[in-house]
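One structure, pasted below without further comment.
All residue numbers refer to positions in the sequence shown, counting from 1. Worth saying up front: this structure is predicted, and the values here are computed from it rather than measured.
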Amino acid sequence: MLKKKSVLLAGHATSIALEPEFWAVLDARAAALDISLAALLKQIDAARGRRPLASACRVKALEWVAQSAPMSAPSDSV
């Protein structure tokens, strides 16, 4: 189930709908950087190019998780 949050980006109010798991990663990243979630979303928005904002948030969250998780060898039980 998607969870919506509203934020002011570039002077415009917008809402972003993401799965709670992605919000958890974004919240943790903002806390680690000692910035607000809104500030983190502004950074993502500024760097996203033509990608939709929700997609850019998901991609950045996946990048951060991948960077922090140890890589393991693929298993045969997929």
Side-chain angles (χ1 to χ4, degrees):
M1 175 155 233
L2 297 176
K3 181 177 178 184
K4 273 190 177 183
K5 294 193 181 191
S6 297
V7 66
L8 189 65
L9 297 175
H12 301 282
T14 189
S15 63
I16 306 165
L18 297 172
E19 295 77 7
E21 296 84 357
F22 285 106
W23 285 121
V25 172
L26 295 172
D27 286 334
R29 180 65 174 188
L33 296 173
D34 199 27
I35 60 175
S36 68
L37 178 61
L40 180 65
L41 294 174
K42 287 178 186 179
Q43 289 178 6
I44 294 170
D45 182 49
R48 70 184 168 104
R50 297 180 53 96
R51 184 182 301 239
L53 181 57
S55 295
C57 289
R58 286 183 182 98
V59 168
K60 289 305 289 182
L62 287 172
E63 286 176 3
W64 293 324
V65 168
Q67 289 172 359
S68 66
M71 297 298 289
S72 60
S75 68
D76 293 333
S77 61
V78 175

Ionic contact status for Lys42 with Asp45, cut-off 4.0 Å: no
Heavy-atom neighbours of Lys5 NZ exceed 12 at 6.0 Å: yes
Nearest non-hydrogen partners of Leu8 and Ala13, listed with the distance: CD1-N, 3.5 Å
Gap between atom CG of Leu41 and atom NZ of Lys60 - 0.5 Å precision: 12.5 Å
Stepwise side chain to side chain contact (heavy atoms under 4.5 Å, CB included) test for Arg58 and Glu19: CA-CA 9 Å; Arg58 286 183 182 98; Glu19 295 77 7; 3.1 Å; yes
Gap separating the SG atom of Cys57 from the CZ atom of Arg51, nearest 0.5 angstrom: 11.0 Å
Trp23 versus Ile16, closest heavy-atom pair with distance: CZ2-O, 3.3 Å
Check against side chain to side chain contact (heavy atoms under 4.5 Å, CB included), Ile35 and Gln43: CA-CA 11 Å; Ile35 60 175; Gln43 289 178 6; 3.7 Å; yes
Cluster overlap Val59 with Leu2, hydrophobic side-chain contacts below 4.5 Å: no
Residue pair Ala54 / Leu18: nearest heavy atoms and the distance that separates them: O-CD2, 3.6 Å
Nearest non-hydrogen partners of Leu40 and Ala30, listed with the distance: CD2-N, 3.9 Å
